[in-house]
Peer 1: 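This is the structure I want to talk about, given as structure tokens.
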Amino acid sequence: TVTGQAAMVETVGGTLSEIVDERRIQELPLNGRDPLQLQLLLPGVVTGPTSTAMWQQPGISVNGLRGISNNYMLDSGDNNDVLGGTAAIVPNPDALEEFTVQTSNFSAEYGRNMGAVINAVTKSGTNRFRGSAYDFIRNDAMDAKQFFAIQKGMLRRSQHGTTLGGPIAHDRMFFFVAYEGLRLRQGESRSGLIVPTAAERLGDFSQSAVKPKDPATCPNSICTATTGSFFPNHQIPRDRMDPAILKFMDTMIPLPNAAGGRHIYNAPLTKDGWQVMGRIDSELTEKQRLFGRIFYDSNSLVNTNGLPILHSEVAYVTWNAAVNHTHILSSRLVNAFQFTYSETDLDRGPLPVGDRLNFQKFGVNVPLATKDTENTLVPLYRGGVSGMWSMNQDAWEPDDRPAVQFKNDTSFTRGGHVLKFGGEYRWSANNRTAGNCNDPCFNFNGQYSTSPLGDFILGRANSVEQFS
């Protein structure tokens, strides 16, 4: 039996690094089966930027550097999200052999960033067939209701997959394939939404904590704590209320169901995804080795935005393909050439409300986002009322992030000395189109009546933005 063990002390160079091996990847608990969580067990590593609707993976901060300063690699090839500076694709634990985190004093071949270098290595086939099948299931059967929630949130999560590896030609060529699928249905309890009461929707603020003043009684129609008069009986007259706002409230804004004007609800979230990897390793000759690997990941997330009626979809498709040729030219000279191509495609945007309900249908006199009647955008809702709600729907944003890498490394050994030299060409792009506020973004802060809700009902926005 032949066994191998990593040296406890680095005797060749001064690099500070840690290898997270297969045993730790398989046996340590991972929330969501994300092996990169194990980075946080290493000295000097803390959480960095979180995942957003613009990039998929959370980042890390190493030795106090920015969370976008790291270099992620997959099988020694480029694996960086061009926009977020995080890992573009993460193999599931059953497809991963190990990963190495170098945090300081790494050699010149690992350029690009000042932070850590994280290199994940995928599994390869052997002379024996091996495989696995699994299904990790979580649900809310044993969960308790959250303290502020009205009802228990739903949780249905299934991560299932299989792997298979073995020989194509004994001692010469091997294969390994892996698949994982994800299905998630979740309800997150939200208790911070403040909405108008039934009386306030009729203009009656007599029981409200913040009572609006009449802008008609204030200089330049802008009231302050010391200027202007309150509406008679703290009641906004019906003919002063904006009819488009009234329609908007009836359709979009729920009534309170808890004390303090709060509306507590479970915000649904759904996610479906799958990833597949295929790898072939070949011993071309006694001195030449070749491997090729392709990784594909696709997932779609539908989330709830600032109001219960608003939803958006964030969909990613990510590719990473690599080919590596290693040639032992002599007992002292080894050359390795690698080509890597990766691409992340993001398709993000709002989902329609009803029959594509927009501001024009409420009676707001604003132009459409585009005059092209054959290529209309889904209406977007952003903006809000200070201290009550912010709609904050994810804007339409198709995004294409390709990257190409060629690199060559040559190692020469003479006596007790090792000389390593090489070069790298890397090209990447972020082809991004954004539709922020293509429909008007209205904000109300109480500038006119001293009450944000009063300004809203009067139809007096402190800011309006709309872009083409």
Peer 1: Could you tell me whether a side-chain N or O of N63 sits under 3.5 Å from a main-chain N or O of T103, the two making a donor and an acceptor?
Peer 2: yes
Peer 1: Can R33 and D94 be counted as an ion pair, charged N to O under 4.0 angstrom?
Peer 2: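 Salt bridge: yes.
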Peer 1: Which heavy atom in N113 sits nearest to a heavy atom in F106, and how many Å separate them?
Peer 2: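 Heavy atoms only, the tightest pair is O-CZ, 3.9 Å.
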Peer 1: Can you tell me how far apart CD (Q186) and CG (N303) are? Round to the nearest 0.5 Å.
Peer 2: 11.5 Å
Peer 1: Considering non-hydrogen atoms only, spot the tightest contact between R157 and G32 and give its length.
Peer 2: NH2-CA, 3.4 Å
Peer 1: What's the verdict on side-chain hydrogen bond (donor to acceptor under 3.5 Å, both in side chains) for D75 and T122, showing C-alpha distance, side-chain angles and the deciding distance?
Peer 2: CA-CA 7 Å; D75 293 321; T122 57; 2.8 Å; yes
Peer 1: Thinking salt bridges, do R172 and E283 make one under a 4.0 Å N-O criterion?
Peer 2: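 No, R172 and E283 are not salt-bridged.
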Peer 1: Please work out which of the three classes, parallel, tilted or perpendicular, describes the rings of Y179 and H160, given edges at 30° and 60°.
Peer 2: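 Tilted.
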Peer 1: Can you name the closest pair of heavy atoms from S76 and K407 and give their distance?
Peer 2: O-NZ, 2.7 Å
Peer 1: Are I89 and N79 packed together at the side-chain level, in the sense that at least one heavy-atom pair is separated by less than 4.5 angstrom?
Peer 2: yes
Peer 1: Before you tell me yes or no, could you show the steps for D143 and R138 under salt bridge (charged side-chain N to carboxylate O under 4.0 Å, His left out), namely the whole-Å CA-CA distance, both residues' side-chain angles and the distance that decides it to 0.1 Å?
Peer 2: CA-CA 10 Å; D143 291 352; R138 294 174 57 189; over 6 Å; no
Peer 1: Side chains of N266 and E188, heavy atoms from C-beta outward: is any pair under 4.5 Å?
Peer 2: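 Result no, sub-4.5 Å side-chain heavy-atom pair not found.
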Peer 1: Kindly compute the distance separating CG (D439) from CG (N358), expressed to the nearest 0.5 Å.
Peer 2: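 Rounded to the nearest 0.5 Å, the CG-CG separation comes to 6.5 Å.
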Peer 1: Do F176 and F174 have ring centroids that are under 6.0 Å from one another?
Peer 2: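 Ring-ring flag for F174/F176: false, centres at least 6.0 Å apart.
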Peer 1: Would you mind reporting whether L193 and Y265 have side-chain heavy atoms less than 4.5 Å apart?
Peer 2: yes
Peer 1: I need the minimum non-hydrogen distance between G84 and I68, along with the two atoms involved.
Peer 2: O-CG2, 3.3 Å
Peer 1: With a 4.0 Å cut-off on N to O distance, would you call R289 and D281 a salt bridge?
Peer 2: no
Peer 1: Could you pull out all donor-acceptor pairs under 3.5 Å where a side-chain atom in residues 241-252 meets a protein atom, sequence neighbours excluded?
Peer 2:
unit_1: D242; atom_1: OD1; unit_2: A244; atom_2: N; d: 2.9
unit_1: D242; atom_1: OD1; unit_2: I245; atom_2: N; d: 3.2
unit_1: T251; atom_1: OG1; unit_2: K247; atom_2: O; d: 3.1

Peer 1: Rounded to the nearest 0.5 Å, what's the gap from CG on L380 to SG on C437? Could you check?
Peer 2: 6.5 Å
Peer 1: Ignoring hydrogens and angles, state whether a donor on the side chain of N320 or R293 is under 3.5 Å from an acceptor on the partner side chain.
Peer 2: yes
Peer 1: Determine the minimum heavy-atom distance between H311 and N305, stating which atoms define it.
Peer 2: C-OD1, 3.3 Å
Peer 1: Might you confirm whether atom NZ of K271 has over 12 heavy atoms from other residues, nucleotides or ligands at distances under 6.0 Å?
Peer 2: no
Peer 1: What pair of heavy atoms forms the shortest contact from N462 to N443, and how long is it?
Peer 2: OD1-O, 2.6 Å
Peer 1: My understanding is that only one of V210, T197, I236 makes a side chain to side chain contact (heavy atoms under 4.5 Å, CB included) with F205; could you say which?
Peer 2: I236
Peer 1: Going through the checks in order, is the side-chain hydrogen bond (donor to acceptor under 3.5 Å, both in side chains) test met by S300 and E313?
Peer 2: CA-CA 7 Å; S300 174; E313 181 177 15; 2.6 Å; yes
Peer 1: Flag the pair D78 and R426 as a salt bridge only when some basic side-chain nitrogen lies within less than 4.0 angstrom of an acidic carboxylate oxygen.
Peer 2: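 Looking at D78 and R426, the cut-off is met.
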Peer 1: Would you call E22 and K123 a salt bridge, using N to O less than 4.0 angstrom?
Peer 2: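 Answer for the salt bridge query: yes.
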